[in-house]
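As the structure lists them, so they are numbered: ligands from 1, and atoms in each ligand from 1. Just the heavy atoms: all of them, side chains too, but no hydrogens, waters or symmetry mates, feed the values below. All residue numbers refer to positions in the sequence shown, counting from 1.
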Amino acid sequence: MNMVQEIITQFRARFKQEPVVVRSPGRVNLIGEHTDYNEGFVLPAAINKEIYFALAPNNSNTFRVYAHDLQQEAEFDLHQVQRSELSWANYLLGVIAQLQQAGYEVKGFDLVYGGNIPIGAGLSSSAAVECGLAFGLNHVFGYAIPKFDLVKMAQMAEHTYAGVRCGIMDQFASMYGRQQHAVKLDCRSMEFDYYPLDMADYRIVLCDTQVKHSLASSEYNTRRQECEAGVALLQRHYPQVYSLRDVTVAMLEQHQEEFNPVVYRRCSYVVHENIRVEEACRALEQGDLHTFGEKMYASHHGLQHDYEVSCPELDFLVDQTSDMEEVMGARMMGGGFGGCTINLVKLDALEAFTRNMEEAYKLRFGINLKTYVAEIVDGTSLVQA
Ligand code: GLA
């Protein structure tokens with residue numbers, strides 16, 4: 001039985017009714033890291049690592065849920081939604097709280113959900129959960145909330161119930177992904193463009209370090225504060241500066257001495273990363289994957305040395321590819337401190353690539369590297385059961 005069928009079968013057996021079924025994907029990000037909360041540019045895509053939701057109203061005031069992968073169940077009174085001890089439930093409760101705060105009535109419902117997005121691998125399993133539930137409830141209860149507002153609610157659920165002040169990229173990518181396309185999002189104007197990904201001769205390969213250093217969420221919030229400190233400093237000279245998006249290399253260089261050196265490096269990384277996203281998109285338009293790959297390496301270099309969100313495992317995996325002819329580009333992906341690297345690899349060398357990487361990683365860290373070939377799929381959608 002495949003995953004969707006298992007979840008539907010589970011739902012019918014537990015709740016004795018027919019569900020609506022929703023699919024919600026994880027994401028990759030080709031380039032543009034730690035730029036979203038600085039009102040910059042990102043270039044993510046939704047991938048075939050997905051979570052499925054079977055849900056239906058239950059004519060009560062209770063939310064009953066079964067987490068298929070964890071084999072755990074729980075019940076919550078919808079009149080008293082609050083953070084739970086169960087960390088997995090918070091991504092769901094956070095969404096419900098957002099809907100309630102916006103004035104939507106969330107009536108009782110039953111849910112079974114589960115999928116194959118590895119947790120803690122930086123593929124945004126939490127965004128997929130948030131977007132899938134927001135989309136599902138919007139459908140089941142007929143709220144008619146515009147898709148972009150669902151994205152914002154999913155993001156706020158992460159802020160308030162998971163305690164990470166994330167940007168909008170992950171939730172946006174999960175909801176707005178398009179098959180065979182990356183989406184360039186301007187995180188200030190929220191305008192976006194789809195870029196076709198010609199994957200005839202290449203594949204996006206993720207190398208999962210299998211590590212997640214505990215610093216990840218506290219350092220994430222610290223980076224945001226460091227960026228804000230840089231903006232505050234420059235605002236004194238340039239009142240038109242509201243975010244690092246408004247900052248040029250020249251502005252930074254001119255005031256370098258006034259900066260705390262750490263804050264300077266953080267800001268410099270972000271300003272250059274935004275420039276790289278634009279250059280990478282131009283390269284993509286011209287079918288120039290060589291230049292695109294170079295931008296990926298440069299992005300990693302900045303994340304490693306200036307933004308300092310990488311870790312030895314990620315650096316090793318990226319370094320390992322530097323003289324592999326079959327790899328066009330590689331970089332750490334997502335928040336950092338573990339998770340995956342993203343690699344652009346020639347199709348005809350795929351097997352050799354994964355074998356070499358697995359062997360090298362095992363030898364160096366004694367850990368079994370996992371690799372995934374990411375296919376680019378559509379964003380959150382209904383599934384015909
Ligand atoms: C995490 C956050 C995103 C983004 C990335 C870094 O995935 O959820 O909003 O900031 O880190 O690019």
Roughly how far, to the nearest 0.5 Å, is CD1 of Ile119 from OG of Ser124? 12.5 Å
Atom indices of ligand 1, in the order listed, that fall short of 4.0 Å to a heavy atom of [X]:
| X | result |
| --- | --- |
| His34 | 6 (C), 12 (O) |
| Tyr37 | 10 (O) |
| Tyr220 | 1 (C), 2 (C), 3 (C), 4 (C), 9 (O), 10 (O), 11 (O) |
| Gly334 | 6 (C), 11 (O) |
| Asp36 | 3 (C), 4 (C), 9 (O), 10 (O) |
| Arg27 | 7 (O) |
| Cys166 | 2 (C), 8 (O), 9 (O) |

Looking only at distances, can you tell me whether any N or O atom of [X], backbone or side chain, sits closer than 3.5 Å to an N or O atom of ligand 1?
| X | result |
| --- | --- |
| Glu33 | yes |
| Gly167 | yes |
| Asn29 | no |

Intermediate values then yes/no, side chain to side chain contact (heavy atoms under 4.5 Å, CB included), Gln286 and Phe292: CA-CA 10 Å; Gln286 292 159 2; Phe292 191 91; over 6 Å; no
Indicate yes or no: does Glu33 engage Arg331 in a salt bridge with an N to O separation below 4.0 Å. yes
shortest atom 5 (C) of ligand 1-to-protein heavy-atom contact is with Met169 CE, 3.8 Å
Nearest non-hydrogen protein atom to atom 1 (C) of ligand 1, with distance, is Asp170 OD2, 3.6 Å
Closest heavy-atom pair and its distance - Glu351, Thr354: O-OG1, 3.0 Å
Cation-pi check, [X] to [Y]: give yes when NZ or CZ is under 6.0 Å from the six-membered ring centre and within 45° of the ring axis, no otherwise.
| X | Y | result |
| --- | --- | --- |
| Arg14 | Tyr66 | yes |
| Lys147 | Tyr176 | yes |
| Lys346 | Tyr202 | no |

Could you check His34 against Tyr37 for ring-ring contact (aromatic ring centres under 6.0 Å, His included), going step by step and ending with a plain yes or no? CA-CA 7 Å; His34 288 276; Tyr37 53 84; 5.7 Å; yes
Taking heavy atoms and a distance under 4.0 Å, where does Arg165 meet ligand 1: side chain, backbone, both or neither? neither
Begin from the C-alpha positions of Asp378 and Ser381 and carry the test side-chain hydrogen bond (donor to acceptor under 3.5 Å, both in side chains) through to its verdict. CA-CA 8 Å; Asp378 282 333; Ser381 65; over 6 Å; no
